[in-house]
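Residue numbers begin at 1 in each chain, while the letters A, B, ... track the order of the sequences.
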2 protein chains.
Amino acid sequence: MAISLGIVEDHSEFRQSLIYLVSSFSDYSVKWSFGSVEEALDNFSDIDVLLLDISLPKMAGNDSIPLFKNLCPDLKVIMLTIQEDPNSILKAIQNGADGYILKKTHPQKILEAIQQVRDGGAPITPLVARQVFSFLKTAPGKGINEAKLTSREIEILTLITQGFSTEIIAEKLFISIQTVRNHIKNIYDKLQVHSKAQAVAKALNEKLV
Amino acid sequence: MAISLGIVEDHSEFRQSLIYLVSSFSDYSVKWSFGSVEEALDNFSDIDVLLLDISLPKMAGNDSIPLFKNLCPDLKVIMLTIQEDPNSILKAIQNGADGYILKKTHPQKILEAIQQVRDGGAPITPLVARQVFSFLKTAPGKGINEAKLTSREIEILTLITQGFSTEIIAEKLFISIQTVRNHIKNIYDKLQVHSKAQAVAKALNEKLV
DNA sequence: AATCCAATAGCCTTATCGGGTCATTTTTCA
DNA sequence: TGAAAAATGACCCGATAAGGCTATTGGATT
C-alpha cells in the first residue's frame, strides 16, 4: 500500500518538483496539494503524511498543525522550511510536528523522511537537530522534589501553579474549601513560603510539580 | 585530511567491527580505541570525533563527556547506545553530546553521522529524534514576550515572581501601594490573569521576566 | 497645541488569603 | 495492633488582594 501524501506549499515551482519527485516512486502517491492552509483545510481528505511549508502567505504552517491533526488524528506532519530558526522549530514541535527538514535537503533524504515518520520516527536534518540540541542544553533540568510533599499536596500545588483559586480547587477535588486551605497551609510550611505567588515561584523554579 | 576518531566501547566485538567499518574508508582513521572511559582519559590524544558508548562498566559514557571535552574543546562526541532512553538522551545532550545514534544504525549511517558532526550538524536517528521531540513538546517553551509590558510593569512583575507583597514592592520602588496596585491591575489586563499566582505562573512559564 | 501613554496616586467595596487552633476519620507502617 | 502520618473539615480574625473608577503629572508623538 502506497503512502498517501498531502502537500501545502505556496511556491508552485517547489510544489511541482516535490510532486514530481514523489511520483517517481510507486511507494508514494500525492493525493492532493495546495498553496495555502485554507485551501487544504477546505478540500481536506485523509492522507498518511503531510508535507507542510512553514512560511505561508496567510496562516502560518506552524499554527495549522493542530487543525490538520484534528481532521485526521493519525496524520504525520513533516515541516518544510528554508532555514532553521530555533523559535519556529520549537513552535512546530510543540504544535505536534513529527518531522522538520530543510527544503534544500537532498531529495533522497526527503523520501526517507516520509518513510521514517510512517515508521514512528522523527526525521530531522542534522543542522536542525543541532538547534534542538542547543535548546535542550539550556533547558531547565527537572530537579528532584526536595521538600517531601504528600501526593495530595503536590496535586493541590499543581493546581495553584495553574492559577486556580482555592475555591475552584475545592470544587475540582470534591473537597471543602477549608480542607484545601489546610493543605495549602501545610504546603507553605514545607516550602517555607507565605503566599500563593511565592509557592508558584518556588514550585516552578524548583520543578516541584 | 582524514577525520581522526576515538572509540570508547566495552564490547570488544562491536568495537572491532566499528574499527573495521571505519578503516575501510580512507576518509576516516581510528586513532585509538578503549574499553573504558578511564583508559581513554589516561591515554588520551587529540582526535576529531569520539564515538562513545553510553553504558560502560565503570564511569557512564554520559558523565564523561565534559571530561573529554575538557581535554579537547573542539572534540565532537557521538553517543552510541542500544536503546533510546529519554532520560539518558536528555542527559547526554545536556552534557554536551553532539550526536546520539543507535548501535543498530546502518553502518553507512554511522559514517554519515561522523561527517555530519564534523560539518557542525547533530546526527540523530529518527527514533531518537522522536524521543527528543516528545520531551520538547512538554518542555516549557520560551515564547516571545507577547504582551507588551512596560519596563515598570516588568519590574513589578519580576518582584511579584520573587514572592514580594504589594506593600514590599511599593517600599522597594519608593512609590505608593496604590501605584503598585495600579501597575498590577494593568499587568493583569495585559496577561489576562486575575491573581498574583496566575501572573507568576504565566511569567515563569512564558519567560516574561 | 492637542493628544496619547506611562507613571503616579487616591478611594471604596467585596472577596480571598494567611495564620492560629481544634477535631475526626482513614491510611500507612512499624 | 497501635502509633504516626495524611486527609478531611471547621471556626475566627486581621491583613491583603482584586475590581472598579477617577485624576494628575510629565514625556513623547503628531
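- Rounded to whole Å, the distance from CD on Q198(A) to P on dA17(D) is 11 Å.
- The side chain of Y188(A) places no N or O atom within less than 4.0 Å of a non-bridging phosphate oxygen (OP1 or OP2) of dG19(C).
- Atom-to-atom, CD1 of I184(B) to P of dG20(D) comes out at 15 Å; the value is rounded to the nearest Å.
- With salt bridges taken as basic N to acidic carboxylate O contacts below 4.0 Å, one links E112(A) and K109(B).
- What you find for A201(B) and V200(A) is that their closest heavy atoms are N-CG1, 3.6 Å.
- Ring-plane geometry between F44(B) and F68(B) is classed as tilted, the angle between the planes lying from 30 to 60 degrees on a 0 to 90 degree scale.
- Considering only heavy atoms from C-beta on, I154(B) stays 4.5 Å or farther from T150(B) through its side chain.
- In this structure, D189(B) atom CG and dG20(D) atom C1' are separated by 11 Å, rounded to whole Å.
- V22(B) is listed as a side-chain neighbour of L5(B), based on a closest heavy-atom distance under 4.5 Å.
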Between the protein and nucleotides 27-30 of chain C, list the N/O to N/O atom pairs that are separated by less than 3.5 angstrom.
none

Annotated protein contacts, base or backbone, on nucleotides 7-13 of chain D with a non-hydrogen cut-off under 4.0 Å, one of B, S, - each: SBBBBB-
For nucleotides 24-30 of chain D, print each protein N/O atom paired with a nucleotide N/O atom at under 3.5 Å, atom names and distance only.
none

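- Using a 4.0 Å cut-off between a side-chain N of Lys or Arg and a carboxylate O of Asp or Glu, D48(B) and K76(B) do not qualify as a salt bridge.
- Taking atom CG of L159(B) as the reference point, atom P of dA17(D) lies 13 Å away to the nearest angstrom.
- At a cut-off of 3.5 Å, with distance as the only test, no side-chain donor of T161(A) or T158(A) sits close to an acceptor on the other residue.
- Side-chain atoms of H106(A) come within 3.5 Å of backbone atoms of Q108(A) as a donor-acceptor pair (strictly under, hydrogens ignored).
- Atom NE2 of H194(A) is separated from atom C1' of dA15(D) by 15 Å (rounded to the nearest Å).
- Counted by atom type alone, T166(A) and K196(A) present one or more donor-acceptor pairs between their side chains at under 3.5 Å.
- Smallest separation of non-hydrogen atoms from R15(B) and E9(B): NH1-O, 2.8 Å.
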